[in-house]
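Take a look at the structure below.
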Amino acid sequence: MAKLLRLHTNGGDTLKGWCETRLYNRDIEEIRDPNAAFSAKEMTSIPSSFAHLHIVKCAFQYVIDSRRLKGETKWHLLVSHSLDVGEILFNYHRYKDKFEIVEWKREDALLKLKQSSYKHHPALAEVIEQFMRLEANFGLKDLESIFLLKYIGPGKKSDLDIVGGISPMTLFFASPDDLSYISEHVDLGTHKAFELKGTPLNERDYYYQSYILYLKVIHTEFYRLFPELGSYINFFQYYIESNEQEMLLELSNNQEYEPLVLDKGATIKIWGEPLPIRKSREM
């Protein structure tokens with residue numbers, strides 16, 4: 001009798017001769033993680049040019065399923081760092097001396113690749129275009145620009161030190177790299193940015209917490225566009241006390257916002273809507 005190798009735990013591990021198989025349903029969820037989500041390296045098995053955006057999406061879902069806002073897993077840290085990116089953008093006027101927003105213009109960038117003298121660049125352009133078409137449900141098909149957050153402060157690793165950006169899947173995303181070299185230079189108030197220990201939403205600045213709730217309210221299709229982030233916010237609201245919720249909603253209603261605008265005058269949009277940030281005079 002042959003030993004049957006399975007990645008998941010459903011079904012027996014032996015068979016005799018030919019046997020009937022079936023399509024995977026929820027078996028994929030039973031695949032064991034040998035590192036128990038504590039891997040020191042990024043998890044990149046998704047066959048897409050935009051794999052990391054999907055991984056951040058999965059990270060939010062993992063945290064929700066774990067029923068713990070705070071944890072020591074790779075997933076919790078990735079969510080924390082993505083929230084750091086959001087908090088830096090929320091207070092962008094305060095951190096403009098250390099961060100800069102870089103715009104990747106789809107049309108210009110792909111045209112440059114297609115016309116490149118390097119033989120592999122035109123093929124890369126085709127791959128990027130194909131994935132952007134295929135991933136229409138995730139907002140990539142009609143995406144004109146991708147906005148990335150570049151660190152320009154002390155100890156920067158290079159002239160293009162990208163730490164994260166704006167995602168059509170989770171609103172914000174962070175790089176999978178070790179960004180702790182930035183921590184000593186960027187204080188978010190309640191913690192240092194990109195620390196190696198995560199900070200959940202409920203332990204952050206109250207104004208930022210109220211901002212996240214505000215984003216959920218102003219976009220009528222928030223849950224459809226950002227389902228995992230929406231579920232994370234719901235879990236956050238379930239986690240905190242009712243008096244805290246009332247206080248955050250009051251802060252959200254009284255706080256003034258303005259669109260995030262690049263130095264060149266372009267307004268940053270996500271799913272066609274301007275991304276609001278804290279008004280500069282409130283800093």
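Atom set for the values below is all heavy atoms of this structure, side chains included, hydrogens, waters and symmetry mates excluded. Sequence positions, counted from 1, serve as the residue numbers for this chain.
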May I ask whether I152 and V85 are part of the same hydrophobic cluster, defined by side-chain heavy atoms of I, L, V, M, F, W, Y residues being less than 4.5 angstrom apart, directly or through others?
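No, separate clusters.
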Single-linkage hydrophobic cluster, 4.5 Å side-chain cutoff, L225 and L134 together:
no
Rounded to the nearest 0.5 Å, how far apart are [atom1] of [X] and [atom2] of [Y]?
X	Y	atom1	atom2	value
K269	I166	NZ	CD1	13.0 Å
T267	E273	OG1	CD	12.0 Å
I146	R106	CD1	CZ	9.0 Å
I270	H219	CD1	NE2	8.0 Å
I88	L83	CD1	CG	11.0 Å
I128	L113	CD1	CG	5.5 Å

Got a salt bridge between [X] and [Y], using NZ or NE/NH1/NH2 to carboxylate O under 4.0 Å?
X	Y	value
E258	K279	no
D161	K156	no
K114	E129	yes

What residues form a ring-ring contact (aromatic ring centres under 6.0 Å, His included) with F222, not counting sequence neighbours?
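Once residues adjacent in sequence are excluded, the partners of F222 under the ring-ring contact (aromatic ring centres under 6.0 Å, His included) criterion are F226.
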Please tell me whether [X] and [Y] have a donor and an acceptor in their side chains that are separated by less than 3.5 angstrom.
X	Y	result
D65	Q61	yes
S280	H93	no
E195	S183	no
Y223	E221	no

Could you name each residue pair satisfying ring pair (Phe, Tyr, Trp, His ring centres under 6.0 Å) that touches residues 147-197, not counting sequence neighbours?
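Qualifying pairs, neighbours excluded: H81-F194, F99-Y151.
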A side-chain contact here means heavy atoms from C-beta on lying under 4.5 Å apart; do L275 and Y92 qualify?
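Counting from C-beta outward, L275 and Y92 never come under 4.5 Å.
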Under 3.5 Å, side chain of Q245 to main-chain N/O of Q237, donor-acceptor pair present?
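Indeed, once roles are kept as given, a pair shorter than 3.5 Å links the two residues.
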Look only at the side chain of H52 and the backbone of A174, and say whether a donor-acceptor pair between them is shorter than 3.5 Å.
yes
Are Y257 and Y214 close enough that their ring centers fall under 6.0 Å?
yes
More than 12 heavy atoms from other groups under 6.0 Å of CD on E203
yes
Is the count of non-hydrogen atoms from other residues, nucleotides or ligands lying under 6.0 Å from D159 atom CG greater than 12?
no
Determine the interplanar angle of the Y238 and F235 rings, folded into 0 to 90°, and report it as parallel if under 30°, tilted if 30 to 60°, perpendicular if over 60°.
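Correct class here is parallel.
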Aromatic ring pairing F90/Y208, orientation class (parallel under 30°, perpendicular over 60°, tilted between)
tilted
Contacts of type salt bridge (Lys or Arg N to Asp or Glu O under 4.0 Å), residue K105, not counting sequence neighbours
none
